[in-house]
Amino acid sequence: MSSDSSSALELDQSDSFAHVREQFYLPRDAIYLDGNSLGLASKAAERVLLEAFDEWKTHAIDGWSHGQRPWLYNAEALGARLAPFIGAKPGEVVATGSITVNIHQLLSSFYKPTPQRSLILADSLNFPTDLYALQSQLRLHNLDIAEHLLCTTSRDGHLLDEDDIIANMSDRVAILWLPTVMYRSGQLLDIARLTDEAHRRGILVGLDLAHSVGCMPHRLHDWGVDFAVWCNYKYMNGGPGAVGGLFVHERRFGSPPGLAGWFGSDKSKQFAMDHHFTPAADAGAYQIGTPHLFSSAPLFGSLEIMEAVGIEHIRARSLRLTDYMMRQIDLELRPFDFTVVTPREHHRRGGHVSVQHNDAARIVKAMKTAGVIPDYREPNIIRLAPVALYTSYQDIEEAIHRIRRIMTDRAYDAFANERGIVA
Ligand SMILES: *Cc1c(COP(=O)(O)O)cnc(C)c1O
């Protein structure tokens, strides 16, 4: 049976993911399509969080070295479990900080401007916090931002052309900083090619994996990417404020952390309380202070589910769901001036579908009232993320159907235009 002619019900019945979905807490009264902003809670995440609390009660200070997950090794143990999700060796990954803090740590460690080579090459569609961090790193070096932060621009306001990025790579560029998947459009960049082109020009490559980790496989080690960061509260389902992830290629080990702290110590030296810092030999060196253990615990639980399914299967289903969603948008929403801005080709997109509409702000409010939870990005983008682990075809069919009803009934007329009010 071809998927083109199958109903959502048939697709769900022939799909082997129902038992995975059952392990998550789905909102009872709404269709959740915002798992790329905050992944849903799972029973396993809840169990491990409660276990972590129990270990505190049971072991008190001895929890650092006793119990199921001794706290002292938590960040490294979690790093080793995250490594396969980004195609890294276990010692290349540590669970620590947040995206923004980790960008600061990596730039402090690897951005060494010289008069000949001082530029950071990023892009004009990047997430604001990434750009704030890059700008403040330049400021710390007393470098003029306009002169030293080069941003590749988009031709259509949604997508980046790899050729344009490569054209900006000169021998004055020290660091290339890019997202794998663009947070607005969902475009996936050709990281292998860009890394190769950058390295040929002596440029280090740093990546933000926020919108690709947990929704597709990566090969960071083999591609030779120098360093990367990500959060674990989006497709990794680690919970609000979950600990972030940091990758440093083993080729770069031994470079001292720019922001040193005792949790970056070689474990055998950490409690010697020596005033001379001996960093860990691997990515562990780039941690700073005491790990946030209750913000790490749920991730162990979520990883159990994701490891059992396998990231290759997660990606395959994510593509089937987004294909289906795009087809439903084409079929049902054609008369209503929506434009899908996400590339259609599998190798050019991540896990969410972005549609543009001039009334996006009001439509999103009407969607929430109608029990569909999307994500809105100013000024006109609606992001819809079917998540492989817990979104069904029937969810997608029903969500698009409700959007159609909103448009047909002009139900969004009731909502004042946010931009109008604010202005
Ligand atoms: C979600 C996201 C962030 C968030 O950064 P935090 O430091 O974790 O708050 C940063 N960059 C991108 C591209 C994101 O999608």
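At a cut-off of 3.5 Å, with distance as the only test, no side-chain donor of Asp208 or Trp230 sits close to an acceptor on the other residue. Under 3.5 Å, the side chains of His346 and Asp323 contain a donor-acceptor pair of N or O atoms. Side-chain atoms of His158 and Gln356 include a donor-acceptor pair closer than 3.5 Å. No hydrogens or angles considered: a donor-acceptor pair under 3.5 Å links the side chains of Thr100 and Thr129. A side-chain N or O of Gln287 and one of Glu76 form a donor-acceptor pair less than 3.5 Å apart. When only modelled atom types and interatomic distance are considered, Thr180 and His218 share no side-chain donor-acceptor pair under 3.5 Å.
Side-chain atoms of Ser154 come within 3.5 Å of backbone atoms of Leu159 as a donor-acceptor pair (strictly under, hydrogens ignored). Within the 3.5 Å criterion, the main-chain N or O of Ser392 finds no donor-acceptor partner in the side chain of Asp12. A distance-only check finds a donor-acceptor pair linking the side chain of Glu10 to the backbone of Ser7 [under 3.5 Å]. Side-chain atoms of Asn102 come within 3.5 Å of backbone N or O of Ser98 as a donor-acceptor pair. Remark: the backbone N or O of Thr152 is paired with a side-chain donor or acceptor of Ser124 at under 3.5 angstrom. Here the side chain of Ser255 pairs no donor or acceptor atom with the backbone of Arg252 at under 3.5 angstrom. Side chain of Arg315 to backbone of Met216: no donor-acceptor contact under 3.5 angstrom is found. At distances below 3.5 Å, not a single donor-acceptor pair connects side-chain atoms of Ser265 with backbone N or O atoms of Lys267. Side-chain N or O atoms of Asp375 include none that pairs as donor or acceptor with a backbone N or O of Asn36 at under 3.5 Å. Side-chain N or O atoms of Arg377 include none that pairs as donor or acceptor with a backbone N or O of Ser185 at under 3.5 Å.
Between Tyr32 and the options Thr391, Val387, Leu38, a side chain to side chain contact (heavy atoms under 4.5 Å, CB included) holds for only Leu38.
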For a side chain to side chain contact (heavy atoms under 4.5 Å, CB included) check, start with the C-alpha distance between His401 and Glu332, then their side-chain angles and the critical distance, and finish with the verdict. CA-CA 7 Å; His401 193 67; Glu332 294 228 36; 3.7 Å; yes
Salt bridge (charged side-chain N to carboxylate O under 4.0 Å, His left out) between Arg251 and Asp226: does it pass, once the steps are laid out? CA-CA 8 Å; Arg251 213 174 50 240; Asp226 295 280; 2.8 Å; yes
Could you go through Tyr390 and Gln23, starting from their C-alpha distance and side-chain angles, then the distance that decides it, and tell me whether this counts as side chain to side chain contact (heavy atoms under 4.5 Å, CB included)? CA-CA 8 Å; Tyr390 51 73; Gln23 299 176 52; over 6 Å; no
Step-by-step side chain to side chain contact (heavy atoms under 4.5 Å, CB included) determination, Gln328 to Glu398: CA-CA 10 Å; Gln328 291 306 109; Glu398 179 60 23; over 6 Å; no
Stepwise, does the side chain to side chain contact (heavy atoms under 4.5 Å, CB included) test hold for Leu299 with Val243? CA-CA 8 Å; Leu299 184 55; Val243 65; 4.2 Å; yes
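Side-chain atoms of Val341 and Arg184, non-hydrogen and from C-beta on, never get closer than 4.5 Å to each other. Ile381 places none of its side-chain heavy atoms less than 4.5 Å from the side chain of Val355. The shortest side-chain heavy-atom distance between Asn126 and Pro179 falls under the 4.5 Å cut-off. You'll find the side chain of Leu140 reaches within 4.5 Å of the side chain of Gln137, heavy atoms only. Side-chain contact between Val340 and Ile329 is present, with heavy atoms from C-beta onward closer than 4.5 Å. The closest side-chain heavy-atom distance from Leu33 to Ile31 is below 4.5 Å. Between Met182 and Leu160 there is a side-chain heavy-atom pair separated by less than 4.5 Å. At least one side-chain heavy atom of Phe263 sits less than 4.5 Å from a side-chain heavy atom of Pro291.
Using a cutoff of 4.0 Å between basic side-chain nitrogens and carboxylate oxygens, Glu345 and Arg349 are not scored as salt-bridged. Electrostatic pairing of Arg193 and Asp190 does not count as a salt bridge here, judged by no charged N lying under 4.0 Å from a carboxylate O. Between Arg362 and Asp359 a salt bridge is recorded (basic side-chain N to carboxylate O distance below 4.0 Å). One finds a salt bridge joining Glu304 and Arg47 here, because a Lys/Arg side-chain nitrogen approaches an Asp/Glu carboxylate oxygen to under 4.0 Å. In summary, Arg410 and Asp413 engage in a salt bridge, as defined by a charged side-chain N under 4.0 Å from a carboxylate O.
Here the CG atom belonging to Asp161 is positioned 4.5 Å from the CG atom belonging to Asp163, to the nearest 0.5 angstrom. One finds the CG atom of Leu107 at 10.0 Å from the CG atom of Asp130 (value rounded to the nearest 0.5 Å). One distance of note links CD1 of Ile191 with CG of Leu178; it measures 6.0 Å at 0.5 Å rounding. Rounded to the nearest 0.5 angstrom, Ile120 CD1 and Gln135 CD are separated by 9.5 Å. To the nearest 0.5 angstrom, Phe85 atom CZ is 13.5 Å from Leu209 atom CG. The distance from the CG atom of Leu204 to the NE2 atom of His249 is 12.0 Å, given to the nearest 0.5 Å.
No more than 12 heavy-atom neighbours from other residues, nucleotides or ligands sit within 6.0 angstrom of NE2 on His292. Within 6.0 Å of the CZ atom in Phe53, the count of heavy atoms belonging to other residues, nucleotides or ligands does not exceed 12. For Tyr73, the OH atom counts as loosely surrounded, since its 6.0 Å shell holds 12 or fewer non-hydrogen atoms of other residues, nucleotides or ligands. Other residues, nucleotides and ligands contribute over 12 non-hydrogen atoms within 6.0 Å of the CZ atom of Arg344. Few gaps surround NE2 on His221; more than 12 heavy atoms of other groups in view lie less than 6.0 Å from it. For Tyr25, the OH atom is densely surrounded, since the number of other residues' heavy atoms within 6.0 Å is greater than 12.
In this structure, Phe247 has its ring center at least 6.0 angstrom away from the ring center of Phe227. You'll find the ring centres of Phe271 and Trp262 inside the 6.0 Å limit. In this structure, the ring of Phe110 has its center less than 6.0 angstrom from the ring center of Tyr286.
Scanning all heavy atoms of the two residues, the minimum distance from Leu131 to Cys151 falls at CD2-SG, 4.2 Å. Taking both residues in full, the closest heavy atoms of Ile305 and Ser42 are given as CD1-CB, 3.5 Å, listed atom of the first, atom of the second, then distance. Shown here for Pro279 and Pro257, the closest heavy-atom pair between the two residues is CB-CD, 4.3 Å.
Ring planes of Phe294 and Trp56: tilted class, angle from 30 to 60°. Ring-plane geometry between His357 and Tyr412 is classed as perpendicular, the angle between the planes exceeding 60 degrees on a 0 to 90 degree scale with a lower cut at 30.
For Lys234 and Phe127, the positive end sits near the middle of the six-membered ring, less than 6.0 Å away and at most 45° from its axis. Relative to the six-membered ring of Phe17, Arg317 meets both conditions, a distance below 6.0 Å and an angle of at most 45° to the axis. Figure legend: Arg69 and Phe300 shown as a cation-pi pair, the cationic atom lying under 6.0 angstrom from the six-membered ring centre and within 45 degrees of its axis.
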